J.: 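Here's a structure for you.
Each chain gets a letter, A, B and so on, in the order its sequence line appears, and its residues count up from 1. It should be emphasised that the depicted structure is a prediction, and the values quoted were computed from it without experimental measurement. Note: hydrogens, waters and symmetry copies are ignored here, and every other heavy atom, side chains too, is used.
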2 protein chains.
Amino acid sequence: MNHQQPNFDNLSLFQKLQQELARIIEETPAGERLQSEPELASSLGVSRATLREAMRSFEGQGLIRRRQGVGTFVLDHQQNIETGLEVLESIETQARRIGLDVKMGYLDINKIKSDVELAKKLGINENEEAIRISRVIWVAERPAAFLVDTLIPGILEEKDLSDGFTGSVLDLIIKRGKPELSHSKTEVIASPAPSDIAKKMQIQRGDVLLKLDALLFDKTGRMIDYSQSYFIPGFMKFEVIRSIGK
Amino acid sequence: MNHQQPNFDNLSLFQKLQQELARIIEETPAGERLQSEPELASSLGVSRATLREAMRSFEGQGLIRRRQGVGTFVLDHQQNIETGLEVLESIETQARRIGLDVKMGYLDINKIKSDVELAKKLGINENEEAIRISRVIWVAERPAAFLVDTLIPGILEEKDLSDGFTGSVLDLIIKRGKPELSHSKTEVIASPAPSDIAKKMQIQRGDVLLKLDALLFDKTGRMIDYSQSYFIPGFMKFEVIRSIGK
DNA sequence: CAGTGGTCTAGACCACACG
DNA sequence: GTGTGGTCTAGACCACTGA
């Protein structure tokens with residue numbers, strides 16, 4: 001049995017397969033299920049491993065969704081949420097503005113003792129308790145973001161989060177009116193999805209995510225929140241104006 | 001033969017393997033070669049496929065580099081280049097400021113006929129010729145970025161690029177003094193590395209890259225350049241200040 | 001329970017670097 | 001030529017879903 005074809009045209013089997021897959025996905029109506037992986041692999045003449053590898057990028061682009069035990073489905077074309085990065089605004093606010101439905105999925109609220117690293121980042125003492133809020137944000141019936149906020153003590157209590165919390169720590173603090181928020185210092189990172197986050201977002205471990213790592217400051221210059229936000233590409237569009245000689 | 005262990009502790013073999021690998025990489029002096037993949041796989045008791053999957057993230061973090069035909073090497077800890085995203089500045093300028101060595105690797109200059117899409121993006125006529133400049137930027141002896149600029153006609157000629165071009169279209173235009181540059185409208189994207197780019201950057205296809213997609217404007221408001229920049233994570237640190245209610 | 005996607009294995013061959 | 005990483009295959013078992 002021949003285990004690999006020579007690579008004559010400098011186009012990998014993988015690339016050709018992607019073109020084939022793109023066609024198949026395009027021709028499949030939104031919401032429909034694709035053939036099962038073994039069937040597809042066989043009909044395309046490749047192994048399941050290669051097929052799955054090629055499928056990954058389409059899932060990253062938000063064109064398909066694979067669901068264990070169910071099947072692989074073609075998604076309908078999504079509406080982009082466009083955001084100027086310079087403006088600090090919750091994904092919820094952004095999505096609602098263009099009329100998209102927003103829901104909170106999984107929610108986990110914890111008190112955590114800060115280790116050396118976290119204490120340093122938050123500017124609090126070691127072993128002091130911080131509140132950590134993790135949740136998945138669904139937009140238009142699909143997971144769009146995974147958000148983790150770690151707040152210094154005294155900003156929010158658990159009761160603040162028990163009723164009426166819709167997913168945005170930012171909006172909640174703004175609504176309460178204090179502390180008065182000023183700005184965030186945000187680092188932009190590309191990151192493969194860790195296993196635990198991938199599972200909650202219904203994507204594959206290693207899929208590409210855009211991550212915003214932010215430190216949130218109030219108007220007195222005090223840092224109050226360390227926030228980590230993971231976004232599925234193709235869903236949000238982050239833009240920034242860069243100027244010469246600023 | 002047992003083909004897969006039950007997942008008792010909810011920690012995948014993959015995750016345990018990553019911890020093991022992290023230890024091995026940590027204990028290996030910078031510049032040293034690791035065992036070959038078959039050796040490592042065997043000594044860790046996993047298949048080569050699983051080992052390679054686990055290695056990917058370390059390569060993405062810039063901790064190791066795999067080189068076909070040579071081996072896998074542990075890199076020394078790199079210095080970060082920190083950049084405020086609001087400022088439009090070449091990676092070359094940024095790197096030199098903190099004393100890092102910058103070189104241009106692969107360089108390709110082409111005239112291309114613009115198709116409908118490109119013409120629309122650049123604001124020129126279909127079939128008009130644009131200049132496309134692709135190159136790899138090495139920082140501190142390692143590929144750090146892959147840059148593609150597509151310029152409207154009349155901005156730069158090929159002779160401008162034949163001598164003294166060090167990799168930055170931005171710096172070159174600034175040096176020539178005209179047109180006078182103003183700002184860029186930049187979209188921030190997380191993207192898996194396409195095969196061709198991965199090869200030139202000496203990383204693996206599918207590795208995570210941070211991509212900046214920018215439209216560059218001069219002071220008259222004319223768009224002159226569409227630039228695509230791919231960055232290896234962990235190398236550049238992009239920051240932006242986000243403000244409330246702007 | 002049957003059927004789906006998720007993970008992993010063992011082994012083959014290809015492409016590349018270096019002596 | 002020898003040895004490395006790069007790609008692909010065939011097939012096994014695991015984990016999950018829904019009937």
J.: Classify B/Gly45 by what it touches in the nucleic acid, base, sugar-phosphate, or nothing, heavy-atom distance under 4.0 Å.
T.: sugar-phosphate

J.: Compare the minimum distances between each of D/dG5, C/dT4, C/dG5 and the side chain of A/Arg33, then state the nucleotide with the smallest one.
T.: C/dT4

J.: Above 12 or not: heavy atoms from other molecules or residues under 6.0 Å from CD of B/Glu26?
T.: no

J.: Could you tell me the separation between the CG atom of A/Leu40 and the C1' atom of C/dG3, rounded to a whole number of Å?
T.: 15 Å

J.: Separation of A/Glu59 atom CD from C/dT4 atom P, in whole Å?
T.: 18 Å

J.: Does A/Arg48 place a side-chain N or O at less than 4.0 Å from the phosphate oxygens OP1/OP2 of C/dT4?
T.: no

J.: Relative to the 5' end of DNA chain D, which residue comes earlier, B/Leu34 or B/Ala49, by the nucleotide with the nearest heavy atom?
T.: B/Leu34

J.: Would a distance-only check, ignoring hydrogens and angles, find a side-chain to backbone donor-acceptor pair under 3.5 Å from A/Arg135 to A/Ile133?
T.: yes

J.: Quickly work out the B/Phe73 CZ to C/dC18 P distance and round it to whole Å.
T.: 9 Å

J.: Select one nucleotide: of C/dG6, D/dA10, D/dG5, the one nearest the side-chain heavy atoms of B/Glu37.
T.: D/dG5

J.: From C/dC8, D/dC8, C/dG6, pick the nucleotide closest to the side chain of A/Arg52?
T.: C/dG6

J.: Answer with yes or no whether the side chains of B/Ser168 and B/Glu92 bring together a donor and an acceptor at under 3.5 Å.
T.: no

J.: Taking only the side-chain heavy atoms of B/Ser36 (C-beta and beyond), determine which of D/dT4, C/dT9, D/dA10 contains the nearest atom.
T.: D/dT4

J.: Pairs in or reaching into residues 103-112 of chain B: which pass salt bridge (charged side-chain N to carboxylate O under 4.0 Å, His left out), with residues at least two apart or in two chains?
T.: B/Asp101-B/Lys103, B/Lys103-B/Glu141

J.: Could you tell me how far apart A/Leu51 (CG) and D/dT7 (C1') are, to the nearest whole angstrom?
T.: 15 Å

J.: Which one, D/dG6, D/dC8, C/dT7, comes nearest to the side chain of B/Arg205?
T.: D/dC8

J.: Closest to the B/Thr50 side chain: D/dC16, C/dC8, D/dG5?
T.: C/dC8

J.: Only one of A/Lys199, A/Arg66, A/Arg56 passes salt bridge (charged side-chain N to carboxylate O under 4.0 Å, His left out) with A/Asp207; say which it is.
T.: A/Arg56

J.: Write down the distance between CD (A/Gln35) and C1' (C/dT4), rounded to a whole number of angstrom.
T.: 14 Å

J.: Whole angstrom is fine here: how far is it from CD in A/Gln202 over to C1' in C/dG6?
T.: 14 Å

J.: In whole angstrom, give the distance that lies between atom CD of A/Glu53 and atom C1' of D/dT9.
T.: 14 Å

J.: Provide, to the nearest angstrom, the distance between the NZ atom belonging to B/Lys199 and the P atom belonging to C/dC14.
T.: 15 Å

J.: Short of 4.0 Å, heavy atom to strand atom, which residues of residues 64-72 of chain A count as contacting DNA chain D?
T.: A/Arg67, A/Gln68, A/Gly69, A/Val70

J.: Evaluate the ring planes of B/Phe146 and B/Tyr230, with Trp represented by its six-membered ring, and classify them as parallel (under 30°), tilted (30 to 60°) or perpendicular (over 60°).
T.: tilted

J.: Any ion pair linking B/Glu117 and B/Lys121 (charged N to carboxylate O, less than 4.0 Å)?
T.: no

